Amino acid sequence: MAITEDSPITLVTDKVAAALLEKNKGIHTIGDLLELVPRGYLDPGQVTDLSHLVEGEMTVVVARIARATTRPMKNKPRQKMLTAVITDGARELDLTFFKAWGHEGKLVPGHLGVFAGTVTRFNHRWQLTHPEYEVMGDELDEEAVVRKFADRQIPIYSATGKVTSFKMRKVIDAVLDQVKEVREPLPPEVRERRGLVGRSEAIELIHRPHLRDDPGVGFRRLRYDEAFVLQTILAQRRAAVESLEATSRVARPGGLLAAFDARLPFELTAGQREIGELLESELAAHRPMHRLLQGEVGSGKTVIALRAMLAVVDAGGQAALLAPTEVLAGQHHRSITALLGDLAEGGMLGGSDIGTHVALLTGGQSAATRRQALNEAVTGDAGIVIGTHALIQKHVAFLDLALVVVDEQHRFGVEQRDALREKSATPPHLLVMTATPIPRTVAMTVFGDMETSTLRELPRGRAPIETHIVDSFKPAWVERTWSRIAEEVTKGHQAYVVCPKIGDSEDATGGDAAGGAASGDDNDIEWFDEDVGDPGDPGDEPPGDATTQPERRPPKELTGVYPLAELLATEPVLKDLRMEVLHGRLDSDEKDRVMRAFAAGTIDVLISTTVIEVGVDVANASVMVVMDADRFGISQLHQLRGRVGRGGVPGLCLLMTDAEPDTAARERLEAVESTTDGFVLARRDLQLRREGDVLGARQSGRSSSVRFLRMGNRDDEQLIAEAREDATGVIAADPTLTDHPQLAARVAMRLDEEQAAYLERG
Ligand code: ADP
Ligand code: MG
């Protein structure tokens, strides 16, 4: 039977190897195997002399096997290890295999071979442990071997269990000989336009390269494929949205929006005005708006969204605003109601007759409050409904949902925003907002089905934020930190102290990092309230990176909100201040009370978890201390510190850490310390992280993760832009991909993966 890309790998491997590859690498078919890229290459053209060995270096040598001995291991007598010695006639190098099996027959004394691995010193001798090798026999001389290999690169695959790199190479080599045809998803004209090799050639170049540049040429093609398939999906989605009919919503002249604008206490920035006009024109169109609004922390996105919401209310529709946390939903409700003033009392005695009502719906509300909000949504009494995930639930219905706004979009998956959109008979308009600056590559791959607007300027009067790293192991610095808080309070300002966990008795059972605030299992919980994430998670190993070790730190006791509150209560400089705690596990009323009190200035120091990370807006807060700052990611820290410096008073952010210099954790903190430009930070973040992890399965699903493309890389940005152009062209000419069956198959595969990832997450 002919082997094709769809054949199971059991046709070319034994069952054990197949099981390992499936489990550890997700490889099921021959096609998957062909796309398993080497993690690096050995270059036999650069053969090292045995007299020039350097400890710790990846080295390739050509030498003759002098002797090989097999003996049982001391502590595992049933396991045999093999030591061979190779020589160039004068000097020696030891080869060590802790499992002799499979090597004994090959390492025949007298034969020449090429050996590659990392050189170590052991018992005053040079050694290679588990080297890659190829034995030539005894007929060749050294020069002939070097010549034979001079034009070959040896791919190194990351081993998985018993499946060594060597074995992978043999299997893939055999497959390449047997698979006669490889699918070609790219239309020939695209290949030609972009100067790309065929897919079959690309795979050959990656697994059996000759020239040093070969793998690069092959990879470029695979990266393009990835971008092209992704962009084809996005182009199809755009085409689908464009073909939908939506209700046109135009604000009444002299209506709610006009009344609101008239009482706005500040002047809109140029960016706010411009984007506002754009949104109004899109809401007026007969196809659904589908727009991403990104803007720096504090750039004033909420008021843009509110004006869009008021426009649809003017036109007789309703708007829903989805927020990731109860604290943020509550704050939006308070601040929007306040901004609207008497306009928020529509239909009520004494309220403005052009006004509307703003309802709040969260999981933690009392049943009666919730029932009232649900009722206002379904009867249309509430023109604006603000809520958390509770909004998405099945029993929530609207009279006429015209606009869905998703705040802090990065906290939601695509499915969640879509679930809300389905609550309308005709497709509602959609506006998603994020304060996490999204570099072009990411926006094009993940939000490529949306139009993007960017708000770059901050409202006038915004003060700069200064950021400093504080070594938590230097008591004098820690003292100074607490004094800084006291000084700010003396000046009439307020402070945040942020901790990575809650630190109450429930934490003790739940492990560290507050584990995503899993405080229950109904759908009402605010899933993301205390999600510290794992910024150190190395994710999948990217191709071509064989040397970096993931950073592993011994677990340390993280600062909890409650223990810290106790400690600060005894600090001489702080003990007389009004301090309170806030975290996601408090009940809704308590959260609401604390946030109101902090906003009103009756709390001096708020000791909290990351519940305050997004959107919280208290202008009088001027200083923030982040405990165990190394436990947070770059964008999270940038978001957090955006809570201070809002009211014209300079902001101060102190990042407390015991991270050592020259560690990745410290580098993240230094990046945050060095700039407040969110776009610069986002790019730095992408460079410091492993790309597979860019969006995090948690945030947007594996659907958006990429294998070959490197996020934040300029070449790949170019490539993604080209792929977008090409894919848009293909979809315009052939929307259903009828004439592109191979491409259609790749698209279907990719969508299947997405679906699978979605189901996995539940
Ligand atoms: P973000 O974009 O981070 O969501 P917000 O919408 O919370 O920012 O806005 C931050 C603060 O700036 C709010 O208090 C808001 O009322 C205020 N604000 C918004 N636009 C302006 C403006 N044009 N001038 C002055 N203040 C503004
Ligand atoms: Mg906001």
Side-chain angles (χ1 to χ4, degrees), residues 260-277 279 291-310 321-341 344 384 386-388 405-412 431-438 452-465 494 496 528 595 598-601 610-622 624 635-649 651 653 676-679 681-682:
F260 173 77
D261 282 347
R263 45 197 92 181
L264 201 58
F266 45 72
E267 209 178 308
L268 294 175
T269 64
Q272 284 173 322
R273 262 203 309 278
E274 207 174 289
I275 295 172
E277 278 164 24
L279 297 190
R291 184 166 288 277
L292 168 72
L293 167 58
Q294 62 167 333
E296 265 295 0
V297 184
S299 59
K301 295 181 290 297
T302 316
V303 71
I304 295 184
L306 177 56
R307 291 185 67 253
M309 293 193 275
L310 296 177
L321 170 57
L322 180 63
T325 65
E326 201 167 5
V327 168
L328 183 53
Q331 176 191 280
H332 274 322
H333 184 251
R334 279 192 303 277
S335 67
I336 286 176
T337 309
L339 273 174
L340 285 173
I384 297 175
I386 298 172
T388 56
V405 179
V406 182
D407 194 16
E408 306 297 345
Q409 143 75 34
H410 64 289
R411 298 295 198 101
F412 293 96
L431 174 67
V432 306
M433 306 195 287
T434 182
T436 302
I438 302 172
T452 305
S453 296
T454 303
L455 205 49
R456 279 183 179 274
E457 72 197 307
L458 297 183
R460 242 175 305 153
R462 215 35 76 73
I465 303 173
Q494 292 160 278
Y496 296 98
F528 302 101
M595 273 318 292
F598 191 64
T610 53
V611 280
I612 53 111
E613 174 188 347
V614 287
V616 167
D617 187 30
V618 176
N620 191 45
S622 62
M624 170 177 288
S635 69
Q636 206 177 8
L637 290 170
H638 182 58
Q639 289 266 352
L640 276 170
R641 77 175 157 186
R643 306 303 117 222
V644 296
R646 292 191 152 229
V649 218
C653 175
T676 50
D677 183 327
F679 284 87
L681 283 175

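The structure displayed is predicted, hence computed values, not measured ones. Start at 1 and go down the list; that is how both ligands and their atoms are numbered.
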(message) With a sphere of 6.0 Å drawn around CD of Glu274, does it hold more than 12 non-hydrogen atoms of other residues, nucleotides or ligands?
(response)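 It does not: Glu274 CD has 12 such atoms or fewer within range.
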How long is the gap from [atom1] on [X] to [atom2] on [Y], to the nearest 0.5 Å?
| X | Y | atom1 | atom2 | value |
| --- | --- | --- | --- | --- |
| His332 | Asp407 | NE2 | CG | 3.5 Å |
| Arg307 | Leu264 | CZ | CG | 8.0 Å |
| Phe679 | Gln294 | CZ | CD | 4.0 Å |

Enumerate the atoms of ligand 1 whose separation from the nearest heavy atom of [X] is less than 4.0 angstrom.
| X | result |
| --- | --- |
| Thr269 | 23 (N) |
| Pro459 | 20 (N), 21 (C), 22 (C), 24 (N), 25 (C), 26 (N), 27 (C) |
| Leu268 | 23 (N) |
| Glu267 | 22 (C), 23 (N), 24 (N) |
| Thr302 | 4 (O), 5 (P), 6 (O), 7 (O) |

(message) Are the side chains of His638 and Glu296 in contact, using a 4.5 Å heavy-atom criterion?
(response)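 Yes, their side chains come closer than 4.5 Å.
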(request) Taking the side chain as every heavy atom from C-beta outward, state whether Leu455 and Ile304 have any atom pair closer than 4.5 Å. (result)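 Yes, side chains in contact.
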(message) I'd like to check whether Gly300 has a polar contact with ligand 1, where a contact means an N/O of the residue lying under 3.5 Å from an N/O of the ligand.
(response) yes
(message) With respect to Gly298, determine whether any N or O atom, backbone or side chain, lies less than 3.5 Å from an N or O atom of ligand 1.
(response) yes
